[in-house]
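Step one of this worksheet: look at the structure below.
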Amino acid sequence: MTLHKKLEVRGVSKTFTGRKASIAALEGVDMHVDHGELVCLLGASGCGKSTLLSIIGGLEPTTEGEVRIDDELVIGPGADRGMVFQAYSLFPWLSVSRNIEFGLEVARWPKARRRERVDELLGIMSLREFAGSLPRELSGGLRQRVAIARALGPEPDVLLLDEPFGALDAETKRHMQDFLLSVWHRTGTTILMVTHDVEEAIYLSQRIYVLASRPGHVSAVIDVPFGANRGPTVKRDPRFLDLRDELGDLLVS
Amino acid sequence: MVADADASDRAPALRTRGRRPSTLLGIRTELAVRWRIVLGVLGVASVFALWAYAAYRPQAGSSVLVPSPARTWHALSQMWSAGTLRSDLAASAQRVAIGYSISVALGIVLGIAIGSFASVEAFLEPQLGFLRYIPATALTPLFLLWLGIDESPKIWLIAVGTVFYNVLMIADVARNVPREMLNAAYTLGAGRRTILRRVILPHSWPGIIDVARINLAAAWLMLVVAELLAAQKGLAYQINLAQRFRAVDTMFALLIVFGVIGLISDLALRALRNRLAAWARP
Ligand SMILES: Nc1ncnc2c1ncn2[C@@H]1O[C@H](COP(=O)(O)OP(=O)(O)O)[C@@H](O)[C@H]1O
Ligand SMILES: [Mg+2]
């Protein structure tokens, strides 16, 4: 398999113009994610991670620069870039399976194929027993699983995750991280994930873009030296610990 | 020694910390169902007591200003058996139903449009800001002039008198759809029409029904104004007519009918909300 740039961010700057002052949220950001890669954007809160992800998702225009998917210019949102938000994005009036089906209906998949796909995703995400539940009946971890399943539904080229596990307790978070890795292995989807959690970034990704703030810019690019098939044991690997300290220092400075 | 044993036998009074919350007057504390019922019954009873006192007090004299509950009940049953109550009720309810339906329909269409599209908001804001402060009752003479004295001026008075509240409040309901829910739909490939139909509208239904429920009172208010001016039938028309005969018992009976209708429609709309949007039930 030849690696090629699935997602490319070129010289992206973003300024929010307010009534009194304008905020430079991003300045000259360059980055890319190769086909099938899992990459993390790491940065302290307020450094522009969500803004960058929204721009890639096409939800927010750039002030300068551009985003390309498979060398095609992004001009707005589309089903080719599935997105998972930190919280509150499930449709509360739809059951779990209807939430997952939403994107498939929008894409006008025939009914039989929709059924099959929803069932497949319920299986991948271990959500079968909750198929008929409403989002409010589920715990935070389960809700995020539904959100991921829904975003994966229409088979997006890239999956964008904005601190999807930020609101979860430590134990659930660990579960969900392993879960995400297994989903990534099974589906081969290209994933870009935003996080402010250093260990999470190292544990999950193959490459880490460190974002520094005011205005947000890439301050370091780190290749993670572990293969795709890593288990929780890498967290005790000395290289993991070194990397953790190094990134911790980068975030503070 | 003996005295010591005696002292330890007696349970020492346990000292307390904090203040025990009040059962009935604790701020925002749950009330037991038993107390709820007792207080509800007491509330109704006290109203009747006041009413009875006003009606039966000795200095009331010969000219009756406050009818007794019994006389009021008598007037009510007389209107019922004569069939006038039914036809007046039907006439008034029909006016409100048609006029208020127009108002709610316009409220949903314009409110959702204003709450969803900044362009529509910019276009309609000046007119709405101006028109909402014109008391709709002041339009009555104009409406009578333009639309004659049959049903249509009454219906339009009800519609116009409530539509601004409905539009502005439903616009707020539509604005309250969380941004992330819209963004989720966009990134699932949804276009504007899908988002309006399948995200904004379903999310807004419970709020829309609540708005309709709250503003229904204004619709009845407009009905009274309309029927006082030109009508041959209707609850408010009958109240007006009763004044000529100083028939306070009839007036009281009709006021009670208004209250009961309000109560029933309120309960009905609440039930509709809970059925249509079980997901939003608190
Ligand atoms: N819609 C907006 N309008 C104005 N300023 C914004 C907006 N969105 C984000 N910002 C500002 O841009 C900066 C980056 O925000 P954000 O991308 O949310 O950071 P992060 O996700 O890394 O916490 C912050 O200073 C924030 O106040
Ligand atoms: Mg953020």
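Letters go in sequence order (proteins before strands), and every chain restarts at 1. Being a predicted model, the structure only gives us computed values, none of them experimental.
The number of heavy-atom neighbours closer than 6.0 Å to OH of Y165(B), taken from other residues, nucleotides and ligands shown, is 12 or below. More than 12 heavy atoms of other residues, nucleotides or ligands shown are found within 6.0 angstrom of CD on Q127(B). The environment of L24(B) atom CG is dense: over 12 non-hydrogen atoms of other residues, nucleotides or ligands sit within 6.0 angstrom. Counting non-hydrogen atoms of other residues, nucleotides and ligands closer than 6.0 Å to NE2 of H175(A) gives a total of 12 or fewer. Under a cut-off of 6.0 angstrom, the local environment of CD in E155(A) is crowded, with over 12 non-hydrogen atoms contributed by other residues, nucleotides or ligands.
Atom-to-atom distance recorded for S89(A):OG and R179(B):CZ is 13.5 Å, nearest 0.5 angstrom. Atom CD of E180(B) sits about 7.5 Å away from atom CG of D162(A), to the nearest 0.5 Å.
Using a 4.5 Å cut-off between heavy atoms, A151(A) touches chain B through its backbone atoms (N, CA, C, O) alone. Contacts of R198(B) with chain A are made by both backbone and side-chain atoms, with heavy-atom separations under 4.5 Å. Heavy-atom distances place both the backbone and the side chain of A185(B) under 4.5 Å from chain A.
The shortest distance between side-chain heavy atoms of L188(B) and P154(A) falls below 4.5 Å.
Of all the heavy atoms in T187(B) and F85(A), the pair that sits closest is OG1-CE1, 4.4 Å. Closest heavy-atom contact between L90(A) and M181(B): O-CE, 3.6 Å. Residue W93(A) comes nearest to V199(B) through the heavy atom pair CH2-O, 3.4 Å, listed as atom of the first residue, atom of the second, then distance.
Remark: the backbone N or O of W279(B) is paired with a side-chain donor or acceptor of R136(A) at under 3.5 angstrom.
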